[in-house]
2 protein chains.
Amino acid sequence: MNISKIATLAGVSNATVSRFLNNGYVSQENREKIQKIIDETGYIPSAHAQTLRTKKTNLIGVILPKISSEAVSRIIEGAGKELTEAGYHILLGNTDLNIQKEIEYLNIFKNNQVDGIIFVATILTPAHLEVMEKIKVPIIVVGQQVEGYSCVYHDDFGAAYTLTKEFIQKGCKRIGYIGVTEKDIAVGYERKRGFMQALQDSGMEVQQELIKIGDFSEESGYQAINELMQLDKRIDGVFCATDKIAVGALEWMKEKQPEQIERIKFAGIGDSVLAKAISPKLASMHYYYKTSGKEAAKMLLDAMQSETKMIKEVKLGYELKLRESFK
Amino acid sequence: MNISKIATLAGVSNATVSRFLNNGYVSQENREKIQKIIDETGYIPSAHAQTLRTKKTNLIGVILPKISSEAVSRIIEGAGKELTEAGYHILLGNTDLNIQKEIEYLNIFKNNQVDGIIFVATILTPAHLEVMEKIKVPIIVVGQQVEGYSCVYHDDFGAAYTLTKEFIQKGCKRIGYIGVTEKDIAVGYERKRGFMQALQDSGMEVQQELIKIGDFSEESGYQAINELMQLDKRIDGVFCATDKIAVGALEWMKEKQPEQIERIKFAGIGDSVLAKAISPKLASMHYYYKTSGKEAAKMLLDAMQSETKMIKEVKLGYELKLRESFK
DNA sequence: TTGTACGCGTTATCAC
DNA sequence: GTGATAACGCGTACAA
């Protein structure tokens with residue numbers, strides 16, 4: 001079923017049907033005839049033919065590292081709502097933590113396959129930037145601050161700084177740190193920087209041996225805390241760059257040294273559902289993931305409308321959630 | 001940049017370029033010339049124009065109730081991997097638990113916008129089936145068994161039956177049940193049926209007043225357990241239709257009657273990350289969500305290839321995970 | 001092995 | 001207000 005058949009059935013030309021569909025001038029009489037045929041046939045215009053003609057796809061490419069992550073799914077949830085309301089659909093680009101795939105998706109989306117891109121980034125390499133340069137549709141980066149692109153991210157430095165100050169204020173003297181690779185500017189570099197800066201500003205020495213770098217898994221938290229506890233039994237605080245890492249660390253404590261768990265303060269970042277569910281309840285920094293998705297979508301919608309390529313950065317705050325692990 | 005420009009630059013006709021791109025006969029000499037131009041320009045054919053011409057979109061519509069759900073995101077993860085490898089992309093249809101939106105998305109996907117549909121269903125109404133009837137592309141339903149459609153789902157009856165038997169074997173005499181609406185055939189109806197059947201088969205009476213129906217939230221578990229404990233203080237087991245409900249119930253116990261928590265056995269279904277993280281660790285039935293997504297994708301790929309509309313049902317098993325809450 | 005010419009379904013232009 | 005008709009970018013008979 002296509003527009004010509006509808007036109008024939010309604011006794012008008014396809015141009016009139018097209019005008020009817022796109023709010024052009026059509027007589028009341030013809031409006032009714034056409035509507036009747038459309039209702040009867042259940043006709044829906046071919047989005048692909050429309051795209052070919054108008055250059056507008058109504059599609060937004062969303063590139064993300066891992067769909068089964070609480071943060072990421074929240075971001076999509078927020079972005080999706082906003083985009084759907086504006087008449088756009090989401091084309092998914094799940095890279096499964098594979099950096100090469102990120103570049104592949106950027107390339108796939110490049111040639112007008114989508115009207116805009118939301119890129120939930122982790123590690124940005126020069127290769128990424130090179131491809132991104134060539135893309136004509138607007139790109140909004142989520143989760144990382146990146147020069148030359150509109151982005152929405154959390155204040156990782158500030159969150160880590162504030163959280164570390166909290167450790168210090170509560171009297172912690174020897175605080176361990178478990179983080180991730182600094183190639184991830186937001187989670188790895190900025191959070192660690194906030195941690196170290198807060199120590200320095202409080203006149204405390206940064207002890208490099210108490211800084212452990214793992215990956216994003218619970219296991220890496222489990223292993224890192226083990227190393228930390230062997231290194232220095234007087235540790236009285238453990239700053240984990242993510243909640244997941246903290247959960248792993250707490251798991252180790254509960255298994256191996258349950259008598260110490262009350263003495264040592266633990267905190268993560270992200271305020272996941274896990275943080276609230278485990279025992280002791282994990283202190284964490286609440287991040288507004290859904291809002292960040294929503295904000296990114298709004299920025300993208302703006303960018304797609306305007307002619308000028310104005311760059312806008314949105315830095316979202318955080319909220320301290322002190323819980324049992326931080327008494 | 002389009003195929004004609006590439007052809008001109010390479011000094012051949014667009015037909016030759018097209019043949020080159022689609023593995024047709026092209027002389028070695030021309031192959032090289034064309035490849036050179038394509039490399040230089042970074043040309044990528046317009047997927048939309050290809051679709052218009054070939055009627056193949058390479059798109060799979062995935063309709064789901066809520067992206068930020070562990071089960072759902074796992075399903076997508078599994079399906080996505082399989083589909084991507086086969087050269088398809090996912091067009092997201094997040095309905096945000098709105099049944100009307102499910103029907104909207106089915107309609108959007110109807111008219112050849114996608115080559116196939118994966119429908120992660122919750123409640124299927126006659127209105128759903130009516131729209132689904134009219135859709136020409138293959139549909140695979142995930143999470144529910146539905147007459148006339150290929151589907152992949154978990155053995156909810158069996159899981160609930162087995163789990164209930166476990167309660168009984170461990171000596172429970174008065175088992176409460178907290179479930180969800182029976183309109184959801186899988187989670188609501190089948191799990192409850194398994195529960196009741198197991199009681200009956202063991203010669204135990206089903207006590208209707210010990211059966212509570214809430215929604216999918218933790219709060220509903222929190223409230224339902226409160227009602228149950230007021231009704232009958234001798235309750236020694238609580239079967240929760242989902243892990244989330246069980247988490248809410250345990251939360252209430254920890255807050256209000258911590259001294260009773262050891263006496264009463266708790267279990268959920270789904271084996272979420274929460275189940276393993278909370279204390280006491282929640283006994284649950286492991287479900288193979290990622291596998292179900294993978295399986296659905298495979299079935300869809302098959303269905304899209306074959307001419308015949310063979311219906312296939314895949315019922316996945318479960319794995320009992322006894323944990324602290326079930327000692 | 002190559003090129004010409006047409007059609008996929010839609011929108012936009014223009015003359016009526 | 002309306003209806004031919006060209007054009008969007010591509011794939012593919014068909015003729016060469």
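Source: prediction; values computed, not measured. Chain identifiers are assigned alphabetically (A, B, ...) following the order of the sequence lines, protein sequences preceding nucleic acid strands; residue numbering begins at 1 within each chain. Side chains are part of it too, since the values below use all heavy atoms of this structure and drop only hydrogens, waters and symmetry mates.
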### Message
Looking at the base of C/dA12, is there any donor atom on it, or on the side chain of A/Arg53, that sits under 3.5 Å from an acceptor on the other one?
### Response
no
### Query
Is any NZ, NE, NH1 or NH2 atom of the basic residue among B/Lys36 and B/Glu32 found under 4.0 Å from an Asp or Glu carboxylate oxygen of the other?
no
#### Entry: Between P of C/dT11 and CZ of A/Phe20, the distance in whole Å
13 Å
### Task
Identify the residue among A/Asp156, A/Leu124, A/Thr122 that makes a side chain to side chain contact (heavy atoms under 4.5 Å, CB included) with A/Asp184.
A/Thr122
### Task
Give a yes/no on whether any side-chain N or O of A/Ser13 is located under 4.0 angstrom from OP1 or OP2 of D/dT2.
no
### Query
Which atom names give the shortest non-hydrogen contact between A/Leu92 and B/Ile76, and what distance separates them?
CD2-CG2, 4.0 Å
### Query
Closest approach of B/Ile135 and B/Lys110, non-hydrogen atoms and distance?
CG1-CG, 3.9 Å
### Query
B/Asn14 near the nucleic acid: base, sugar-phosphate alone, or nothing, with a heavy-atom cut-off under 4.0 Å?
base
### Task
Can you sort out which residues in residues 26-51 of chain A have a heavy atom within less than 4.0 Å of DNA chain C? Ascending by number, please.
A/Tyr43, A/Pro45, A/Ser46, A/Ala49, A/Gln50
### Query
Are the side chain of A/Arg19 and the backbone of A/Val26 linked by a donor-acceptor contact shorter than 3.5 Å?
no
### Query
Any side-chain N or O of B/Lys56 under 4.0 Å from OP1/OP2 of D/dG11?
no
### Query
Any salt bridge between B/Lys294 and B/Glu77, counting N to O under 4.0 Å?
no
### Query
So how far off straight is the helix from C/dT1-D/dA16 to C/dC16-D/dG1, going by the axes through five pairs at either end, to 10°?
40°
### Query
Rounded to the Å, how far apart are B/Ile3 CD1 and C/dT4 C1'?
14 Å
### Task
Measure the acute angle between the ring planes of A/His89 and B/Tyr105, then classify it against the limits of 30° and 60° as parallel, tilted or perpendicular.
tilted
### Partners meeting ring-ring contact (aromatic ring centres under 6.0 Å, His included) with B/Tyr149 (sequence neighbours left out)
none
### Message
Taking 4.0 Å as the cut-off, does a side-chain nitrogen or oxygen of A/Lys55 come that near to OP1 or OP2 on C/dT11?
### Response
no
#### Entry: A/Gln144 side chain to A/Ala186 backbone, donor-acceptor under 3.5 Å
yes
### Query
Would you say the base of C/dG3 and the side-chain of B/Arg19 have a donor-acceptor pair closer than 3.5 Å?
yes
